[in-house]
Amino acid sequence: MNLTGKQKAKLKSIGQTQKVMVQIGDKGVTENVIRSLDEALEAHELIKISVQHPHRDIRKEMIAELAEKSESQIVNIIGKTALLFKENPEKPVISEKL
């Protein structure tokens with residue numbers, strides 16, 4: 001599912017009230033982080049992640065890697081925080097509202 005501009009806007013507005021569910025620390029993208037990310041996406045579809053690396057380019061690479069490995073889509077990146085979305089066809093939480 002490719003997100004349209006309107007869908008991304010809706011997801012951004014929903015994401016504003018969410019708390020960070022997955023944090024990426026000094027060790028970067030690990031198998032445990034990916035496992036946690038997959039579980040959170042399956043349960044919530046839209047999650048907020050925080051990447052604590054000091055360099056912007058490396059943060060963007062980490063977020064892109066997380067999206068690729070979890071088969072999710074990047075909705076938005078602001079500073080050290082990103083929103084990722086992955087539709088759950090079995091238990092739609094947010095995707096049915098799009």
Side-chain angles (χ1 to χ4, degrees):
M1 168 182 198
N2 284 332
L3 296 172
T4 65
K6 286 184 179 184
Q7 290 171 325
K8 281 188 177 186
K10 176 81 172 172
L11 291 172
K12 287 178 193 178
S13 69
I14 293 169
Q16 285 181 341
T17 60
Q18 287 188 334
K19 294 182 180 180
V20 173
M21 291 187 187
V22 177
Q23 292 188 0
I24 315 302
D26 295 337
K27 295 182 182 178
V29 179
T30 64
E31 291 300 318
N32 287 337
V33 169
I34 294 168
R35 193 175 316 114
S36 296
L37 179 65
D38 284 336
E39 290 171 3
L41 282 167
E42 184 177 331
H44 302 284
E45 291 187 316
L46 180 69
I47 63 163
K48 189 180 281 188
I49 63 171
S50 175
V51 180
Q52 297 304 313
H53 198 280
H55 299 289
R56 180 184 336 165
D57 295 335
I58 294 174
R59 284 195 306 262
K60 286 186 178 186
E61 288 175 14
M62 289 176 150
I63 293 167
E65 181 181 354
L66 286 171
E68 181 182 328
K69 289 187 176 182
S70 66
E71 298 176 355
S72 62
Q73 295 182 52
I74 300 170
V75 176
N76 195 20
I77 300 174
I78 297 177
K80 295 182 178 185
T81 306
L83 279 176
L84 296 180
F85 175 77
K86 182 178 179 182
E87 184 177 13
N88 184 342
E90 296 171 12
K91 296 179 183 177
V93 177
I94 295 173
S95 59
E96 65 185 11
K97 298 175 186 177
L98 297 178

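Note that the structure is a prediction, hence the values are computed from the model and not measured.
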*Asks:* Do L41 and L3 share a hydrophobic cluster (ILVMFWY, side-chain heavy atoms under 4.5 Å, transitive)?
*Replies:* no
*Asks:* Could you list all the side chain to side chain donor-acceptor pair (under 3.5 Å) pairs where at least one residue sits in residues 35-48, not counting sequence neighbours?
*Replies:* N32-R35, E45-S95
*Asks:* Could you go through residues 76-86 and list every donor-acceptor pair under 3.5 Å that involves a side-chain atom there, pairing it with any protein atom two or more places apart or in another chain?
*Replies:*
{"unit_1": "K86", "atom_1": "NZ", "unit_2": "S70", "atom_2": "O", "d": "3.1"}

*Asks:* Calculate, to the nearest 0.5 Å, the distance between atoms CD and CD belonging to E61 and E68 respectively.
*Replies:* 12.0 Å
*Asks:* Got a sec, which residues hit side chain to side chain donor-acceptor pair (under 3.5 Å) with Q7, two or more places apart in sequence or on another chain?
*Replies:* T4
*Asks:* Could you report the tightest heavy-atom contact between A67 and I74, atom names first, then the distance?
*Replies:* CB-CG1, 3.8 Å
*Asks:* Is there a path of hydrophobic side-chain contacts, each under 4.5 Å between heavy atoms of I, L, V, M, F, W or Y residues, that connects I49 with V75?
*Replies:* no
*Asks:* List for me each residue that meets salt bridge (Lys or Arg N to Asp or Glu O under 4.0 Å) alongside K69, sequence neighbours excluded, and say none if there are none.
*Replies:* E65
*Asks:* Report the distance from atom CD of E87 to atom CD of E71, rounding to the nearest 0.5 Å.
*Replies:* 13.0 Å
*Asks:* Output all residues satisfying side chain to side chain donor-acceptor pair (under 3.5 Å) with S50, sequence neighbours left out; order by chain, then residue number.
*Replies:* Q52
*Asks:* For residues 9-27, run the donor-acceptor check on the side chains, cut-off 3.5 Å, and write out each pair with its distance to 0.1 Å, sequence neighbours left out.
*Replies:*
{"unit_1": "S13", "atom_1": "OG", "unit_2": "K10", "atom_2": "O", "d": "2.7"}
{"unit_1": "T17", "atom_1": "OG1", "unit_2": "I14", "atom_2": "O", "d": "3.1"}
{"unit_1": "Q18", "atom_1": "NE2", "unit_2": "L46", "atom_2": "O", "d": "3.0"}

*Asks:* Between V29 and L66, does a side chain to side chain contact (heavy atoms under 4.5 Å, CB included) hold up when you go through it step by step?
*Replies:* CA-CA 7 Å; V29 179; L66 286 171; 3.8 Å; yes
